[in-house]
Amino acid sequence: MDNNIDFKDLWKKQAISQPDIEDLLERVKQFKKAGVRSIWKTNILLAATSAFMIFVWYYYQPQFISTKIGIILGILAMVIYVGFYNRLLGIYKDSDATRDNHEYLQQLILIRKKQQFIQSAILSWYFVLLMTGICLYMYEYASRMTVLYALLTYGITLLWIGFNWFYLRPKQIQKQKEKIDSLISKFEEVNEQLKS
Amino acid sequence: MEFENIYKTYWERIFRLCMGFVNDRDLAQDLAQETFIIVWQKLHTFRNESGIGTWIFRIASNNCLRQIEKEKRFPKAELPSHITEEQHYSVEPQIQFLYQCIAGLPEMDRIIISLELEEVKQTEIAKIVGLSEANVRVKIHRIKEKLTQKFKENGQ
């Protein structure tokens with residue numbers, strides 16, 4: 001149809017500047033460093049919190065088994081969270097950029113659906129474990145308080161937990177869901193373009 | 001094929017493909033560089049099942065598709081900060097218009113027509129996008145019609 005307009009000729013006239021290959025190799029290096037850094041960041045956070053909890057265990061020598069279980073649950077919650085977070089970062093390694101566009105799009109959709117599932121499931125587990133851990137941990141110290149203070153301490157904590165569970169958690173899940181849903185629907189739309 | 005050779009041979013073609021997809025010089029440059037980073041990482045897995053060109057164009061077009069994710073995460077700034085840059089290159093209006101039209105097409109059409117204009121064989125295009133050759137032919141025909149129409153409307 002391009003009998004009077006030579007699109008190919010126009011297309012090739014686009015001005016192009018080719019960056020030096022050294023620039024590219026420099027970017028490869030930075031890219032690798034950034035990957036390592038992001039893994040370090042989350043894992044250092046985990047290590048620091050765990051170290052703090054172990055320090056509490058060691059220094060205050062808790063007597064009750066509940067306190068110890070509480071500490072373990074808290075650490076476990078974070079280990080699971082960070083573990084899956086690391087996996088999410090690496091989730092794109094599952095996608096193979098050398099496949100054809102049609103397969104690649106289907107992969108992207110699948111990965112995003114997987115991500116959505118992992119995120120909401122893990123977030124819930126994280127909250128359950130952490131909150132149970134905190135309640136158990138507090139028991140030893142609350143048992144030494146007067147009834148009024150103990151009730152007050154648990155009351156405030158439970159209120160805070162409730163706020164997290166009923167307000168923050170669903171809100172966070174919803175936010176993630178909206179973001180991922182819009183991506184999935186866009187990819188599905190592009191995939192549909194191949195069928196029409 | 002050595003990476004350096006691939007980079008020299010394919011940079012222009014990949015850059016134009018990315019430019020057709022986003023019609024933004026800086027972004028296209030980034031996308032093209034990302035493509036070559038992936039090529040660099042994956043080169044050892046290349047098995048000659050397809051031509052190296054087909055293989056590279058697959059990576060490039062997939063990377064363009066992933067650009068959609070970034071767009072959603074960081075919506076383009078409203079300020080036309082790259083206008084001075086555009087002037088610096090002073091591309092002919094007709095060329096600019098072509099790229100603008102292509103970047104306005106649906107995503108898959110952008111990739112298909114860019115490959116066609118890059119003179120990639122239709123059998124290869126079919127392998128890159130994952131359609132049958134007959135389908136590719138029909139699509140190319142339709143897209144060219146659309147482009148011609150737009151050029152005529154615009155009096156180019």
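Heavy-atom basis, side chains included; hydrogens, waters and symmetry copies ignored. A note on names: the letters A, B, ... follow the listed sequences, proteins ahead of strands, and every chain is numbered from 1.
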Worksheet entry | Enclosure of W57(A) CH2 (heavy-atom neighbours >12, cutoff 6.0 Å) | yes

Check: Are the aromatic ring centres of W11(A) and F7(A) under 6.0 angstrom apart?
Finding: no

Across all chains, not counting sequence neighbours, the ring pair (Phe, Tyr, Trp, His ring centres under 6.0 Å) partners of Y59(A) are F55(A)

- side chain to side chain donor-acceptor pair (under 3.5 Å) between R16(B) and Q14(A), intermediate numbers included: CA-CA 7 Å; R16(B) 281 193 294 256; Q14(A) 176 66 260; over 6 Å; no

When the 4.5 angstrom heavy-atom criterion is applied to S114(B) and chain A, the contacting part is both

key: Between F36(B) and W11(B), ring centroids under 6.0 Å   = yes

The interface call for F46(B) against chain A, heavy-atom contacts under 4.5 Å, is neither

Does the Y99(B) side chain pair with the main chain of D24(B), one donor and one acceptor, at a distance under 3.5 Å? no

Whatever's closer than 4.5 Å to a heavy atom in chain B on Q193(A) counts as both

Okay, F15(B) and chain A: the region with an atom under 4.5 Å from a heavy atom over there is side chain

### Query
Which word best sums up how the rings of F97(B) and F151(B) line up, parallel for under 30°, tilted for 30 to 60°, or perpendicular for over 60°?
perpendicular

Applied to residues 63-75 of chain A, the side chain to side chain donor-acceptor pair (under 3.5 Å) test, sequence neighbours excluded, yields T67(A)-E140(A)

Interface check, chain A: of T45(B), V39(B), L65(B), most non-hydrogen pairs under 4.5 Å belong to L65(B)

When the 4.5 angstrom heavy-atom criterion is applied to I56(B) and chain A, the contacting part is neither

Specify whether Y141(A) and Y137(A) have parallel, tilted or perpendicular ring planes, treating 30° as the upper limit for parallel and 60° as the lower limit for perpendicular. tilted

task = Could you tell me whether R169(A) sits above the aromatic face of W165(A), with NZ or CZ closer than 6.0 angstrom to the six-membered ring centre and within 45 degrees of the axis?
result = yes

Under 4.5 Å to a heavy atom of chain A? For I113(B) that would be neither

In terms of heavy-atom pairs under 4.5 Å with chain B, the winner among V190(A), T98(A), D23(A), L105(A) is T98(A)

Turns out that what part of I14(B) lies under 4.5 Å from chain A's heavy atoms comes down to neither

Note: vs chain A, highest number of non-hydrogen pairs under 4.5 angstrom among V129(B), V138(B), D109(B) is V129(B)

Cut-off 4.5 Å, heavy atoms of chain A, and the answer for I38(B) is side chain

Turns out that what part of Q41(B) lies under 4.5 Å from chain A's heavy atoms comes down to side chain

Turns out that what part of L131(B) lies under 4.5 Å from chain A's heavy atoms comes down to side chain

Applying a strict 4.5 Å limit to non-hydrogen atoms, the region of K12(A) in contact with chain B is both

Under 4.5 Å to a heavy atom of chain A? For I59(B) that would be both

